[in-house]
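We name chains A, B, ... by the order of the sequence lines, and we start the count at 1 in each one.
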Protein chains: 2
Amino acid sequence: MSTRSFSRGAAAPTLKDLARLAGVSPITASRALHRPELVAESTRLRVQSAAEQSGYVPNSLAGGLTSRQTRLVAAIVPTIGHSLFSDMVGALITALAEARYETTLGISSYDVEHEETWLAAMLSRRPDGVVLTGTEHTMRTRRLLLSADIPVVELWDYIPHPMDAAVGFSQEEAGRAAFHHLRACGYKRPAILRADDSRAQRRAQGFLRAAAELQAPEPVQVVFPEQRPQLGRGREALTALRAKCDHADAVFCSSDALAQGVLAHAHALGLNVPQQLGVMGFGDQALAVDCVPALSTVRIDGANIGRLGAQDLIARMRGGQPEPARDVGFAVIARASTALKS
Amino acid sequence: MSTRSFSRGAAAPTLKDLARLAGVSPITASRALHRPELVAESTRLRVQSAAEQSGYVPNSLAGGLTSRQTRLVAAIVPTIGHSLFSDMVGALITALAEARYETTLGISSYDVEHEETWLAAMLSRRPDGVVLTGTEHTMRTRRLLLSADIPVVELWDYIPHPMDAAVGFSQEEAGRAAFHHLRACGYKRPAILRADDSRAQRRAQGFLRAAAELQAPEPVQVVFPEQRPQLGRGREALTALRAKCDHADAVFCSSDALAQGVLAHAHALGLNVPQQLGVMGFGDQALAVDCVPALSTVRIDGANIGRLGAQDLIARMRGGQPEPARDVGFAVIARASTALKS
DNA sequence: CTGTTAGCGCTTTCAC
DNA sequence: GTGAAAGCGCTAACAG
């Protein structure tokens, strides 16, 4: 019974069959389906019902081959296991779908070589547009994209001169803002707890730079390999930090999940947050700030980036010229009711 | 400068150009690229270098049109904003990519009509396989799939007789297990706190059925519309529950995030967990169980479902006959160090 | 408003 | 090991 065989039984009806059924020429059938305004109402109806009767499913491979338009967008992200990216991708896919574009999704696992391999494969499907995450790519990736001659949007990072268009925020500035915030709250020795990915690294650079500019002591940095946001890392991270230095009075975490984990472990240690330890997150999770007495967070709106990115890409795919780079910024959020260390 | 025009400048080289460059016929060039074993080593090399020089990018629209194979898989999930699904999709995409299939992702927002619309559009791309989430679909979805005559895998839910193949677990059983667990821990009046989606509803049914079977009082149920897992809902949910009934001594939450939120709010209320209130989650997040003294959780391995689903689909796309339905089950996890209500 | 012709770029099938 | 012919299913470009 459930041993289906996929035999391609009776050949699926083609446009020709449909046209015959409706008593028109193939091209008229095509127009009735895709450009109804070019066809008499009565014809349209006949074709339509013929399509329904015969169960006609258009073949967009053939269509795309002739029209040089696929309504396909190729998008790649490092992971969808992080809510920042999954929000972004979700919004992107949804916005593109509303404009009748479908999205093929690639996952790079933070690896530009994977990205390159994926892109090379994808380009053979002749997508109408490409979405990349970040602005670090291999030379071949750039070359391929350049000669493919299609719109490209780079999401997540803001840089003034992207390949084509970009929507995001400056990682460096986010890091600087975090440092300034912690200092303003009265913490003297903020440290960094972060995952080993290039964007977290750039935020850390901003953080360090801010410290240097203020002639503050250089913040200690604890880096661990796992990319996936792990609440469970909280204990580990905090332990590693204390092993490395015992005078840190605040931590800037590379994700909200990590911040949450740190918070939980701080509680377990009997450490008072935010009085004895400041905890700062990064991301879009309400939790650290709204539910639990974390100190503060750098808030990013991933969905907004995805939406704007889709918008820019669509405009370009239609031949428009939207702004090549948008800085959507970030927000430093502190919970009003939280007593800061004074 | 960055006013790119997408002019399709010099026409991209086709297989014909490539063949001329290498001094062979188009078909030989094609074979050299895709079926090297059919071609002399020297020819292969010449074609290869011609490809590199000319920057040849194959056109798989044309290829797919003739070969009736696209190496494209169409997959749809309700959302990727929930780690259960994003893990599943991530594993699916990765496993398919390893077998050289690309994935186009749809997002249904828990709506079978969206799913239908998406599927109808996708089928015109002639995917080699389709992945759906769950087993509830419209009639037209089923009809389309049936006449498309391609392998289909339904993920997430286990049912004995799927459309084609299915990998998942029984929502009902998960709910029953949750109830039994809470009872075994000594809770007398467990309640349900859940989002309004059909799977959470089925788990609730299992929960209620278990209660009925044990002749326990019927558990109170609080349902709220938001689908996205929200820690912030914890307060709301707990308040609603207390308004509805004040004797519940445990809650089965429809997601780990919700459980976490409830936990946080319970702490805020000075409620002792698990002594005064049992909290049970559902999902894959370590947090509720490992970081915080939540009572327990029903643990699902989303990535595993994605991986197995990919495996089954690949086997079927290659013409094989894997098991039509796999129950991957779930695990009830209780934290050993947690004192249970006695 | 409708039809004819031609061809998109590739691979299948058969022949050598 | 290589090639010639044919055609996948559709739409662009023109003509009526």
- Partner of H137(A) under side-chain hydrogen bond (donor to acceptor under 3.5 Å, both in side chains), picked from R142(A), R143(A), E115(A), is E115(A)
- Task: Hey, which sits more toward the 5' end of DNA chain C by its nearest nucleotide, E41(A) or I27(A)?
- Result: E41(A)
- Message: From the set dG9(C), dT2(D), dT11(D), return the single nucleotide nearest to any side-chain atom of A62(B).
- Response: dG9(C)
- Query: Rounded to whole angstroms, how far apart are CZ on R71(B) and C1' on dT11(C)?
  - Reply: 15 Å
- Expressed in angstrom and rounded to an integer, what is the separation of R125(A) atom CZ from dC10(C) atom C1'? 15 Å
- Does S30(A) make a side-chain N or O approach to OP1 or OP2 of dT11(D) shorter than 4.0 Å? yes
- Query: Can you find a donor-acceptor pair, distance only, under 3.5 Å between R31(A) side chain and dG3(C) base?
  - Reply: yes
- Query: Do L72(A) and T104(A) have side-chain heavy atoms sitting under 4.5 Å apart?
  - Reply: yes
- Could you state the atom-to-atom distance from NZ of K16(B) to P of dC8(C) in whole Å? 6 Å
- Message: Output the rounded distance in Å from CG (L38(B)) to C1' (dG3(D)).
- Response: 14 Å
- Message: Taking the minimum atom-to-atom distance to the side chain of T28(B), which one of dT11(D), dG9(C), dT2(D) wins?
- Response: dT2(D)
- Task: Look at all strands and tell whether S60(B) reaches a base, only sugar-phosphate, or nothing, counting heavy atoms closer than 4.0 Å.
- Result: nothing
- Task: Could you tell me which non-hydrogen atom of L61(B) sits nearest to which non-hydrogen atom of N59(B), and how far apart they are?
- Result: N-OD1, 2.8 Å
- Give a yes/no answer on whether the side chain of S25(A) brings an N or O atom under 4.0 Å of OP1 or OP2 in dT2(C). no
- Query: With a 4.0 Å cut-off, would you call R316(B) and D164(B) a salt bridge?
  - Reply: yes
- Tell me: CG of L15(B) to C1' of dT11(C), nearest whole Å? 9 Å
- Message: Of the listed nucleotides (dT11(C), dG9(D), dA12(D)), which one gets closest to any side-chain atom of T66(B)?
- Response: dT11(C)
- Would one find a side-chain N or O of Y56(A) under 4.0 angstrom from OP1 or OP2 of dC10(D)? yes
- Item | Closest-nucleotide ordering on DNA chain D, the 5'-leading residue of G23(B) and T14(A) | G23(B)
- Item | Closest-nucleotide ordering on DNA chain D, the 5'-leading residue of L65(B) and P26(B) | P26(B)
- Message: Please pick, from dG9(D), dC10(C), dT2(C), the nucleotide with the shortest atom-to-atom distance to any side-chain atom of N59(A).
- Response: dG9(D)
- Choosing from dG7(D), dT2(D), dG3(D), which nucleotide comes nearest the side chain of A40(B)? dT2(D)
- Side-chain atoms of V24(A) come closest, of dG3(C), dC10(D), dC10(C), to dG3(C)
- Give the nucleotide from the list dG9(C), dC10(C), dA12(D) with an atom nearest to the side chain of S67(A). dA12(D)
- Which whole-number value in Å describes the distance from R20(B) CZ to dG9(C) P? 12 Å
- Item | dG9(C) phosphate, OP1 or OP2, under 4.0 Å from R68(A) side-chain N/O | yes
- Query: Just by distance, with hydrogens left out, do T138(B) and E116(B) show a side-chain donor and acceptor under 3.5 Å apart?
  - Reply: yes
- Separation of atom CG in L61(A) from atom C1' in dG7(D), rounded to whole Å: 15 Å
- Task: Quick one: closest heavy-atom pair of P26(B) and K16(B), and the distance?
- Result: CG-CG, 4.4 Å
